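Counting begins at 1 with the first residue of the sequence. Numbering of ligands and ligand atoms starts at 1, following listing order. Nothing here was measured: the structure is a model prediction, and the numbers come from that model.
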Amino acid sequence: MCLFCEIAKKNIPSTCVYEDETVFVFNDIAPKADVHMLVIPKEHIGSMAEVTAENSAVVAHCFEVIAKLMKEKGIADDGFRVISNCGEKAGQTVFHLHFHVLAGNGMTEAHV
Ligand code: 5GP
Ligand code: ZN
C-alpha cells in the first residue's frame, strides 16, 4: 500500500487544493510554513530517482501546475520554494514522488 496513491484515489482523506487527470495537490498534514502543499503525480513514481523519458511529461506537468497555482493564489510575486527529498538520506519518508511547495513564514527552512 502506498500512502500517496491512496490519497490521490481519495481512499484516505486529505485537504485537496487542486486535481486534474494527472496531478493531485493537497496540504501537508504537518505544515512547515504558512503554505505547505504537496504536489504528486497520480501515477506511482517512487522518487526523483525513478524519473525516465517515459514518465517525465508527468513531472513537467507537476511544475506547470505549481506555477499556475502560485500565480492564482497571488504567491508567485512574493516567492515560494519547491523541494523534493529523494531517498532516506535526503529525508524522504513517503516513497511516492512529491514536491513540497512552501511559501510565507517558514519557507526559509532549508529542509522539510
Ligand atoms: P518527505 O519527508 O517524504 O519529503 O515528505 C513527506 C511529507 O508528507 C511530510 O511533510 C509529511 O508531513 C507529509 N505526510 C505524511 N503523511 C501524510 C498524510 O497522511 N497526509 C498528508 N496530508 N500529509 C502527510
Ligand atoms: Zn504511490
Contact check, Ile12 vs ligand 1, heavy-atom distance below 4.0 Å: no

Atom pair SG (Cys2) and CD1 (Ile12), whose distance is rounded to the nearest 0.5 Å: 9.0 Å

Test of proximity, His100 against ligand 1: N or O pairs below 3.5 Å: yes

Phe4 neighbourhood, listing ligand 1 atoms whose heavy-atom distance to it stays under 4.0 Å: 8 (O)

Contact check, Gly91 vs ligand 1, heavy-atom distance below 4.0 Å: yes

Numbering as shown, the atoms of ligand 1 that approach Asn27 to under 4.0 Å (heavy-atom distance): 22 (N)

Ile75 CD1 to Leu69 CG distance, which is reported to the nearest 0.5 Å: 8.5 Å

Sequence-distant partners of Lys68, salt bridge (Lys or Arg N to Asp or Glu O under 4.0 Å), two or more places apart: Glu72

Side-chain heavy-atom pair Cys16, Phe24 within 4.5 angstrom cut-off: yes

Over all atoms of both residues, closest heavy-atom pair of Ala103 and Ala33: O-CB, 3.6 Å

Phe95 near ligand 1 by a heavy-atom separation under 4.0 Å: no

Atom of His36, atom of Ala30 and distance for their closest heavy-atom approach: ND1-O, 4.0 Å

Proximal atoms of ligand 1 relative to Phe26 (non-hydrogen, under 4.0 Å): 21 (C), 22 (N)

Parallel, tilted or perpendicular, as decided by the 30° and 60° cut-offs, for the rings of His100 and His98: perpendicular

Minimal non-hydrogen separation, His61 against Thr22, with atom names: CD2-CB, 3.7 Å

Candidates Ile83, Leu38, Val59, Ile40 - the one meeting side chain to side chain contact (heavy atoms under 4.5 Å, CB included) with Phe99: Val59

Worked verdict on Glu6 versus His96 for side-chain contact (heavy atoms from CB on, under 4.5 Å): CA-CA 11 Å; Glu6 295 305 311; His96 179 125; over 6 Å; no

Spacing of CZ belonging to Phe4 relative to NZ belonging to Lys42, to within rounding of 0.5 Å: 15.0 Å

Nearest-0.5 Å distance that lies between atom OH in Tyr18 and atom NZ in Lys73: 12.0 Å

Backbone or side-chain N or O of Leu38 under 3.5 Å from ligand 1 N or O: no

Protein N/O/S neighbour count - the Zn ion (ligand 2), strictly under 2.8 Å: 4

Heavy-atom nearest option to atom 6 (C) of ligand 1, drawn from His98, Glu6, Lys32: His98

Element-labelled atoms of ligand 1 that are located less than 4.0 Å from some non-hydrogen atom of Ala30: 12 (O)

For atom 10 (O) of ligand 1, the option (of Asp28, Thr15, Ile40) bearing the nearest heavy atom: Asp28

Heavy-atom proximity to atom 18 (C) of ligand 1, best of Val94, Ile29, Ile83, Leu97: Ile29

Polar contact flag for Gln92 and ligand 1 (N/O pairs, less than 3.5 Å): no

